[in-house]
*Asks:* 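The structure's right below; bear with me while I get my questions together.
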Amino acid sequence: MEPLYTPQGVEERWQRTWEDEGLYRAGAGKRRDETFVDAHPPPNVTGELHTGHALQLAIGDAVVRMKRMQGYDVLFQPGFDHAGISTQNAVEKQLATEGSSRQELGRQAFEARVWEWLRQYGGTIMTQFRRIGASLDYSRERMTLDPEYTRSVMRFFVHLYRKGWIYRANRIINWCPYHQTSLSDLELVHEDVDDALSTIRYPLADGSGYIAVATVRPATIPADVAVAVHPNDARYAHLVGKEAIVPFVERRVPIIADERVEPGFGTGALKITPGHDPKDFGIGRDHGLPEPMAIAPDGRMNELAPELAGLTQKEAEERILGWCKERGLLEQRAHYRHSVALCERCHNRIEPLISLQWWCAMDDLKQPALAALRERRVRYHPESQHRFAIESLENAPDWCISRQIWWGHQLPLWECPEGHITCDEEAPAACADCGSTALTRSTDVLDTWFSSALWPLATLGWPEDTPSLRRYYPGNLQTTGREIIRLWENRMIFSGLELLGEIPFEDVVIHSTVLARDGRRMSKSLGTGIDPRELIDAQGADAMRYGLLKMSSTQDVRFSDSMVDEGRKLANKLWNVSRLLLSGRGEAQPASLPGSVEELWILARLEQTRSEIEATFDRFDFAEAASRLYHLTFDDFCDWYAEAIKPRLAEREVRATALAALETLLKLLHPVLPHVTEEIWSQFHDTRLIVSPWPEERPASQADLRALERVQEAAAIFRRSGVLVELAGDERRIFEAVVRPERAQVNGNAASEIERLQKEVERGERMLGNEKFVANAKPEVVEAEREKLARNRRELEILARRENL
RNA sequence: GGGCGGUUAGCUCAGUUGGGAGAGCGCCUGGCUUACACCCAGGAGGUCGUAGGUUCGAACCCUGCACCGCCCACCA
């Protein structure tokens, strides 16, 4: 064994071994009947590993490895999301380089092309998951567009359809002109842009003047159907009920009153364009206004105003403003910065327009999920995210589930020439209403998240009543980022409840967002991303896992290389102390004490840390767990215990105890540092650490811990003052072994130590002399203060006496 | 505009029911102590963002303010 631990090679070897020996499989090493299931969030099939994935896996895998050692039947489910738009994008880009397009290929050929593309380039991220050491059951890998999975999706859709919760409606939706598809609100990003706010006069039809409106989109003027003012706006009260003339198209439209108009913005008058603005759409519907559209699905002007047909919006805007200017109707054009909606995939501006789409009604579907959340039958961590989850579900509007792309689950809906819709999992022979056999299937596909919502149960074979489904549903844990609560987590909850009557998991851990080193958000376009693959290559997967767990504590944390360094140092330290203990080197010393203080003590410390680690895992505080493991290894195990027993390592009993202690230490560290611990374990075991039993509770170690505390306190005083107080026998011996007075450097002096102790004594006397403190504070706090005071007095006395001598 | 979180050592961050200000890194001092120099022993360094309040006692609880960040939002 070399003095410097090198993870390269070692890690890959264990990853292969674990998988080849079937130790990643569900149920591997189980010693009890209870299951523990983590359906890991499926990454996009086109994706590459990023820091978020790595953190998610560090957390999920640590939990799962501990549960496996505790004997649970563990299922850690891997797989992919087919990622509708993303994947389609990737393949379309490739087609473009060949001078082709999906339209040219046609739908069937395009789908075949995507599958081929996936065979070649897709799924590489699962190799990267393996390289982290994620103990997923790769034999159960699923993709949301697998034939079996698709059956689940179809069954779910038909189920909702037959309950009457899926309907078609002509509404304003978000339209991406690039992808030529509708998008849900959750698939948008917003960005501030510099724009111009134009104030335009709309002449009154009776010739008595004009009413001015402010708009950032003059190009939509041809589709205006009204001008609206606030009902309480005295400036315009006399105009309500009259008519105005829309410039350029010179159409008469009513002036109406509506509370949704902000009197303080612009001129206080709003042009109503139901076809191209969600707010206007709502106002238009409530006032029974028509809904013309001026913009075509490709983002250019349509024939509503024939002279504009085919122009870009920019060109149309210039034409319209020019027209207004000539007639003195353009009152003002001011710089205006505001936020606009963009497609999160292509970053093109979203075009709100009216379109016939399929919707899923949320009112009934979400109720059981809301109840479950409110009753804490499923818990989000931290608590603040639980509240957010409830509120966003309460406010969830009906879900637009149809998309006009090609890569995805095609809607199981067939339409006959009469316009009747038949919904079924398989192609029906005839229309359910009129018996027509001339059926055409809807060309729309489902929102990607519709299929993701079924992840915990579709991966287990639902709707078939499979043994896996019976055994592993419902599961336990979800680990995910906060941006996905509404898109995914809440939808899995209501879907699971609706289909199987049970919530798919108990706890949802929302992990921190890891920011770039400079505090900005990690982003490819900014070049601020940190590639976890580079970290793994340079520092090892263990070091990265440790580092990420330490960064997982708060909501947002900057990436810190020193956390990863700490992990690497921990692995190296462990490696070296193992070399010491396994070599059994050292010269035998005559005074051998079986069951000596230092041995009792390290076993007590290991036991204490075991229960602490379990507690930190229970409250999902992985940063704390990592920190405790670090100090256990460095401070307690290496710097105290190993130093103390080093001279006697040649003795059989001492060495046997040391190996037992090392064994426990390796087990405690394994969930965080799986590779290095397994490598060391293999030096003295034929079995595999990954499936070895978790250390059992070891009773009654309080006396040992007290011995530790005495020694540590004595050492601290000694270091400050050079005076050794009240140690005898074993304690004295361990103290000398560890502190080694002959070499220890004394920096303080007795006088300053006396001063410090005097202050402590004064503080204690002040508190205990305070009636309100004694009366109000908790008994154990008071008692602790009394003990502390007594100890300080005692030590002060000893030191003072020595000084006088 | 609404919601949430943050502000503690030079840096990155802990601080779990209010009761001795901590860790890692960096820096300084001293050690090649045959497990480890990716080490060991020690040290310096903080009026806990700010102004008030509650309390015997506040980094912690309450209020105002400042700055930073995230999420949500139909002021055109």
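Remember, predicted model here, so these are calculated numbers, not experimental data. The figures here come from the full heavy-atom set of this structure, side chains too, leaving out hydrogens, waters and symmetry mates.
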*Asks:* Of the nucleotides B:A35, B:A73, B:G19, which has the atom closest to the A:Phe773 side chain?
*Replies:*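 Per side-chain heavy atoms of A:Phe773, the pick is B:G19.
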*Asks:* Have a look at A:Val213 and say if it touches a base, only the backbone sugar-phosphate, or nothing, with a 4.0 Å heavy-atom cut-off.
*Replies:*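 No contact.
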*Asks:* State which of B:C56, B:A76, B:C38 makes the closest approach to the side chain of A:Arg568.
*Replies:*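 Looking only at side-chain atoms, A:Arg568 lies closest to B:C38.
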*Asks:* Distance check, P atoms only: B:C28 and B:C36, in whole angstrom units.
*Replies:*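 The answer is 25 Å between these two P atoms.
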*Asks:* According to the Watson-Crick and G-U wobble definitions, with both distances under 3.5 Å, which nucleotide is paired to B:A51?
*Replies:*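 The answer is B:U63, by the H-bond criterion.
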*Asks:* Should B:U29 form a Watson-Crick or G-U wobble pair with both distances under 3.5 Å, which nucleotide is its partner?
*Replies:*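 Base partner found: B:A41.
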*Asks:* With C1' as the reference atom in both, quote the distance from B:G49 to B:G6 in angstrom, rounded to an integer.
*Replies:*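 The answer is 11 Å between these two C1' atoms.
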*Asks:* Remember a base hit wins even if backbone is also touched, and classify A:Val577 as base, sugar-phosphate or nothing at under 4.0 Å, heavy atoms.
*Replies:*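 Base, at least one base atom sits under 4.0 Å.
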*Asks:* Are A:Arg235 and A:Asp233 within salt-bridge range, i.e. N to O under 4.0 Å?
*Replies:*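 Salt bridge between A:Arg235 and A:Asp233, a charged N being under 4.0 Å from a carboxylate O: yes.
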*Asks:* In whole Å, I'd like the distance from the CD atom of A:Glu771 to the C1' atom of B:C56.
*Replies:*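 Going from A:Glu771 (CD) to B:C56 (C1'), I get 10 Å.
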*Asks:* Report the distance from atom CE of A:Met563 to atom C1' of B:C11, rounded to the nearest whole Å.
*Replies:*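 To the nearest whole Å, that distance equals 10 Å.
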*Asks:* Which residues in residues 268-277 of chain A have a heavy atom closer than 4.0 Å to any atom of RNA chain B?
*Replies:*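 Residues of residues 268-277 of chain A that come under 4.0 Å of RNA chain B are, in numerical order, A:Gly268, A:Leu270.
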*Asks:* How long is the line joining CG of A:Leu570 and C1' of B:C39, in whole Å?
*Replies:*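 Interatomic distance, CG of A:Leu570 to C1' of B:C39: 14 Å.
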*Asks:* Output the single nucleotide from B:C38, B:A41, B:A76 whose closest atom is nearest the side chain of A:Phe265.
*Replies:*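 Comparing B:C38, B:A41, B:A76 against the side chain of A:Phe265, the answer is B:A76.
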*Asks:* Are A:Lys573 and B:C40 close enough that a side-chain N or O sits under 4.0 Å from OP1 or OP2?
*Replies:*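 For A:Lys573, the contact criterion (side-chain N or O under 4.0 Å from OP1 or OP2 of B:C40) is met.
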*Asks:* More 5' along RNA chain B: A:Met767 or A:Ser384, using each one's nearest nucleotide?
*Replies:*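 Upstream on the strand: A:Ser384.
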*Asks:* Measure from the side-chain heavy atoms of A:His631 and tell me the nearest of B:G24, B:G19, B:A76.
*Replies:*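 The answer is B:G24, which lies nearest to the side chain.
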*Asks:* Are A:Lys550 and A:Ser560 linked by a side-chain donor-acceptor pair shorter than 3.5 Å?
*Replies:*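 On atom types as modelled, these side chains do not qualify, holding no pair under 3.5 Å.
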*Asks:* Could you measure between the two P atoms, the one in B:G10 and the one in B:C72, and give it in whole Å?
*Replies:*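 Between the two P atoms, the distance is 36 Å.
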*Asks:* Which sits closer to the 5' end of RNA chain B, A:Glu785 or A:Arg628, going by the nucleotide each is nearest to?
*Replies:*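 Checking each residue's closest nucleotide, the 5'-ward one belongs to A:Arg628.
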*Asks:* When both hydrogen-bonding distances must be under 3.5 Å and the geometry is Watson-Crick or G-U wobble, what is B:G24 paired with, if anything?
*Replies:*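 Partner of B:G24: B:C11.
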*Asks:* Should we say atom CD of A:Glu383 is surrounded by more than 12 heavy atoms from elsewhere, each under 6.0 Å from it?
*Replies:*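 Count over threshold, so yes.
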*Asks:* Does B:A76 have OP1 or OP2 sitting under 4.0 Å from an N or O in the side chain of A:Tyr336?
*Replies:*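 Looking at the OP1 and OP2 atoms of B:A76, one of them is under 4.0 Å from a side-chain N or O of A:Tyr336.
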*Asks:* C1' atom, B:A58 versus B:G20: distance in rounded Å?
*Replies:*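 Roughly 14 Å separates the two C1' atoms.
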*Asks:* To the nearest 0.5 Å, what is the distance between CG on A:Leu629 and CG on A:Leu549?
*Replies:*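 Separation between the atoms: 9.5 Å.
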*Asks:* Got a sec, which residues hit side chain to side chain donor-acceptor pair (under 3.5 Å) with A:Tyr210, two or more places apart in sequence or on another chain?
*Replies:*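 Applying side chain to side chain donor-acceptor pair (under 3.5 Å) to A:Tyr210 gives A:Arg201.
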*Asks:* What distance, rounded to whole Å, do you find between the two C1' atoms, one in B:G45 and one in B:C25?
*Replies:*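 My reading of the C1' atoms in B:G45 and B:C25 gives 14 Å.
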*Asks:* Using the side-chain heavy atoms of A:Asn572, tell me which of these nucleotides is nearest: B:C75, B:C36, B:G24.
*Replies:*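 The nucleotide sitting nearest to the side chain is B:C36.
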*Asks:* May I ask you to say what A:Ser627 touches in the nucleic acid, namely base, sugar-phosphate or nothing, with a heavy-atom cut-off under 4.0 Å?
*Replies:*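 A:Ser627: no heavy atom of the nucleic acid under 4.0 Å.
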*Asks:* Could you tell me whether A:Asp195 and A:Arg349 make a salt bridge, using a distance below 4.0 angstrom between a side-chain N and a carboxylate O?
*Replies:*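 Here A:Asp195 pairs with A:Arg349 in a salt bridge, since their nearest N and O are under 4.0 Å apart.
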*Asks:* Is the shortest side-chain heavy-atom distance between A:Leu662 and A:Phe684 below 4.5 Å?
*Replies:*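 A side-chain contact under 4.5 Å exists here.
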*Asks:* Between B:U16 and B:A21, how many Å separate the two P atoms, rounded to a whole number?
*Replies:*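 The same atom, P, in both gives a distance of 14 Å.
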*Asks:* Are any of A:Lys646's side-chain N or O atoms less than 4.0 Å away from OP1 or OP2 of B:A35?
*Replies:*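 Yes, within the criterion.
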*Asks:* Report the distance from atom CZ of A:Phe559 to atom C1' of B:C13, rounded to the nearest whole Å.
*Replies:*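 A:Phe559 atom CZ is separated from B:C13 atom C1' by 14 Å.
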*Asks:* Please give the nucleotide sitting opposite B:G19 as a Watson-Crick or G-U wobble pair, both distances under 3.5 Å, or none.
*Replies:*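 In the structure as shown, B:G19 has B:C56 as its Watson-Crick or wobble partner.
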*Asks:* Specify the separation, in whole Å, of atom CD1 of A:Ile211 and atom P of B:A76.
*Replies:*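 After rounding, the gap between these two atoms is 18 Å.
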*Asks:* To the nearest Å, how far apart are A:Ile484 CD1 and B:C71 C1'?
*Replies:*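 After rounding, the reported distance stands at 14 Å.
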*Asks:* Hey, does A:Leu197 reach any base, or is it just sugar-phosphate, or nothing, if we go heavy atoms under 4.0 Å?
*Replies:*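 No contact.
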*Asks:* Within this structure, what is the CD1-to-P distance between A:Ile485 and B:G3, rounded to whole angstrom?
*Replies:*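 Atom CD1 in A:Ile485 sits about 18 Å away from atom P in B:G3.
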*Asks:* If the C1' atom of B:G46 is compared with that of B:C39, how far apart are they to the nearest Å?
*Replies:*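 Here B:G46 and B:C39 have their C1' atoms 29 Å from each other.
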*Asks:* Looking at B:C39, I'd like to know if its phosphate oxygens (OP1 or OP2) sit under 4.0 Å from a side-chain N or O belonging to A:Lys569.
*Replies:*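 True: A:Lys569 side-chain N/O within range (under 4.0 Å) of B:C39 OP1/OP2.
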*Asks:* Considering only atom C1', compute the distance from B:A9 to B:G5 and round it to an integer number of Å.
*Replies:*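 Going atom to atom, C1' in each nucleotide, I get 23 Å.
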*Asks:* With a 3.5 Å cut-off and just heavy-atom distances, do the side chain of A:Arg482 and the base of B:C71 make a donor-acceptor pair?
*Replies:*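 Per atom types, no contact qualifies.
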*Asks:* Test salt bridge (charged side-chain N to carboxylate O under 4.0 Å, His left out) on A:Glu317 and A:Arg333 and set out the steps.
*Replies:* CA-CA 12 Å; A:Glu317 179 177 321; A:Arg333 197 156 157 75; 3.2 Å; yes
*Asks:* Do A:Glu643 and B:A41 share a donor-acceptor pair, side chain to base, under 3.5 Å?
*Replies:*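 Looking at the base of B:A41, it does not pair with any donor or acceptor on the side chain of A:Glu643 (distance under 3.5 Å).
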*Asks:* Honestly, is A:Arg605 close enough over A:Trp640, meaning NZ or CZ under 6.0 Å from the six-membered ring centre and within 45° of the axis?
*Replies:*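 Ring-cation test returns no.
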*Asks:* Quick one: look up who B:C70 pairs with, Watson-Crick or G-U, both distances under 3.5 Å, and put none if it's unpaired.
*Replies:*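 B:C70 is paired with B:G3.
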*Asks:* Expressed as a whole number of angstroms, how long is the span from A:Tyr630:OH to B:G22:C1'?
*Replies:*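 The distance from OH of A:Tyr630 to C1' of B:G22 comes to 15 Å, rounded to the nearest Å.
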*Asks:* With side chains defined as the heavy atoms from C-beta onward, is the minimum distance between A:Tyr641 and A:Ile645 less than 4.5 Å?
*Replies:*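 Sidechains of A:Ile645 and A:Tyr641: in contact.
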*Asks:* List the steps, then state whether salt bridge (charged side-chain N to carboxylate O under 4.0 Å, His left out) holds for A:Arg260 with A:Asp286.
*Replies:* CA-CA 11 Å; A:Arg260 281 162 281 192; A:Asp286 292 349; 2.6 Å; yes
*Asks:* How is A:Phe637 classified with respect to the nucleic acid when contacts are heavy atoms under 4.0 Å: base, sugar-phosphate, or nothing?
*Replies:*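 The answer is nothing, as A:Phe637 stays clear of every strand by at least 4.0 Å.
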*Asks:* When both hydrogen-bonding distances must be under 3.5 Å and the geometry is Watson-Crick or G-U wobble, what is B:G46 paired with, if anything?
*Replies:*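 B:G46 is unpaired by these criteria.
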*Asks:* Name the closest nucleotide to the A:Val557 side chain, picking from B:A35, B:C40, B:C13.
*Replies:*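 Nearest listed nucleotide: B:C13.
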